[in-house]
Structure formats: C-alpha cells, structure tokens
**Q** 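Dropping a structure here in structure tokens format, bear with me for questions.
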Amino acid sequence: MTGACLCGAVSITLNARPEFINDCNCNLCRKAGAAWGYFPSSEVSVSGDTVSYVRTDKAAPGVAVHSCAACSATTHWVLIESFKQQHNLPDQTGVNMRLFDPDELSGIEVRYPDGKAWTGDGPFESRRAAMTISDSLPW
C-alpha cells in the first residue's frame with residue numbers, strides 16, 4: 001500500500017495493512033489530524049522531505065511526529081530512542097492512515113481510544129465502540 005500527503009511530496013509505502021487503526025482524541029492526535037496504524041519500522045518506507053516535531057508539554061515525550069515539509073500534512077511518527085529504551089519498546093512507527101485511500105482500508109477495525117481522559121496509568125478506555133471499515137460503514 002502506498003499513501004501520500006496532500007501535495008504528493010511525501011509518500012509512505014507499507015508492506016502490509018495495519019491490524020487496526022487508532023483514532024485517538026488526545027491533544028497530539030486530534031491536533032495532528034491523524035489516525036494511526038502501527039508497524040515495525042523496517043516495514044515502513046518514507047520518501048520525500050519531512051520535518052519533525054517533539055512535544056514540549058511533556059517531560060519525557062515518546063515520539064517525534066513527522067509532517068510534509070511542503071504541505072504540512074502529518075505523515076508518521078517515530079519513537080524517541082530514550083523513550084523506547086526506558087519503556088523497553090520494540091522498534092515501531094506510527095503511520096497516519098488518513099493518507100491512504102479509504103477503499104484500501106476496507107475490513108480494518110478502527111478503534112476510538114479516549115486519550116484525552118487517559119491519566120497515563122493502565123490501558124486506554126474507549127470513547128465509543130470500534131467499527132470495521134466497509135461499504136456500509138465507510139471511514
């Protein structure tokens with residue numbers, strides 16, 4: 001699968017479809033306009049110029065969010081190495097699945113974690129039931 005930013009300067013190619021998509025409502029995800037699929041970094045190929053942003057409102061931010069240098073569309077995130085080591089996380093990349101044609105995403109479950117209300121302890125609660133992208137439930 002290959003998706004692209006609004007102007008087409010950045011493209012992302014994936015070796016597989018995501019197991020699910022998280023459409024989170026935390027400040028970062030909401031303001032970035034992103035819904036994330038998660039992949040081992042080795043399965044994500046990004047071409048084109050991006051700029052990255054690391055949150056300054058968190059003492060130990062976990063990701064650097066990348067956007068197209070030309071049109072500013074959010075493209076993906078990468079884990080910050082110190083955060084990855086501190087939490088013993090696998091090497092993974094979050095890809096903004098909104099860059100892909102919705103028809104290519106048919107059959108994938110979309111989850112709605114309540115990141116806005118999450119305290120940082122325990123699992124996310126859901127703000128609504130998950131749905132599976134289909135002709136009758138387009139995304």
**Q** For Ser47 and Ser11, does a side-chain donor sit closer than 3.5 Å to a side-chain acceptor?
**A**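 A donor-acceptor contact under 3.5 Å links the two side chains.
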
**Q** Is the shortest distance from a Lys or Arg side-chain nitrogen in Arg127 or Glu125 to a carboxylate oxygen in the other one below 4.0 Å?
**A** no

**Q** Say whether Ser106 and Ser134, considering side chains only, have a donor N or O and an acceptor N or O under 3.5 Å apart.
**A** no

**Q** Does Trp118 have any ring pair (Phe, Tyr, Trp, His ring centres under 6.0 Å) partners at least two apart in sequence or in another chain, and if so, which?
**A**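 Per chain and number, Trp118 pairs via ring pair (Phe, Tyr, Trp, His ring centres under 6.0 Å) with Phe124.
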
**Q** Judged by modelled atom types alone, do Ser72 and Ser67 share a side-chain donor-acceptor pair under 3.5 Å?
**A** no

**Q** Side-chain heavy atoms under 4.5 angstrom apart, residues restricted to Ile, Leu, Val, Met, Phe, Trp, Tyr: same cluster for Leu14 and Trp77?
**A**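 No, separate clusters.
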
**Q** Would a 4.5 Å heavy-atom cut-off, applied to side chains only, mark Ser52 and His66 as touching?
**A**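 Yes, their side chains come closer than 4.5 Å.
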
**Q** Is there a donor in the side chain of Ser41 and an acceptor in the side chain of Asp91, or the other way round, less than 3.5 Å apart?
**A**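 Their side chains do contain a donor-acceptor pair, which is all the 3.5 Å distance test asks for.
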
**Q** Show, in sequence, the C-alpha distance, side-chain angles and deciding distance for Thr50 and Thr75, and conclude whether the side-chain hydrogen bond (donor to acceptor under 3.5 Å, both in side chains) test is met.
**A** CA-CA 8 Å; Thr50 64; Thr75 55; 5.5 Å; no

**Q** Quick one: does Leu105's side chain get under 4.5 Å of Ile21's, heavy atoms only?
**A** yes

**Q** Linking I/L/V/M/F/W/Y whenever their side-chain heavy atoms sit closer than 4.5 Å, directly or via other members, would Val63 and Val54 fall into one cluster?
**A**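 Both belong to a single hydrophobic cluster.
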
**Q** Hey, does Val95 have a side-chain heavy atom less than 4.5 Å from the side chain of Trp36?
**A** no

**Q** Say whether Asn22 and Tyr38, considering side chains only, have a donor N or O and an acceptor N or O under 3.5 Å apart.
**A** yes

**Q** Do His76 and Val44 come close enough that some side-chain heavy atom pair is under 4.5 Å?
**A** no

**Q** Before accepting this row, confirm whether a basic side-chain N of the pair Asp23/Arg30 lies closer than 4.0 Å to the acidic partner's carboxylate O.
**A**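 Result for this pair is no, no salt bridge flagged.
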
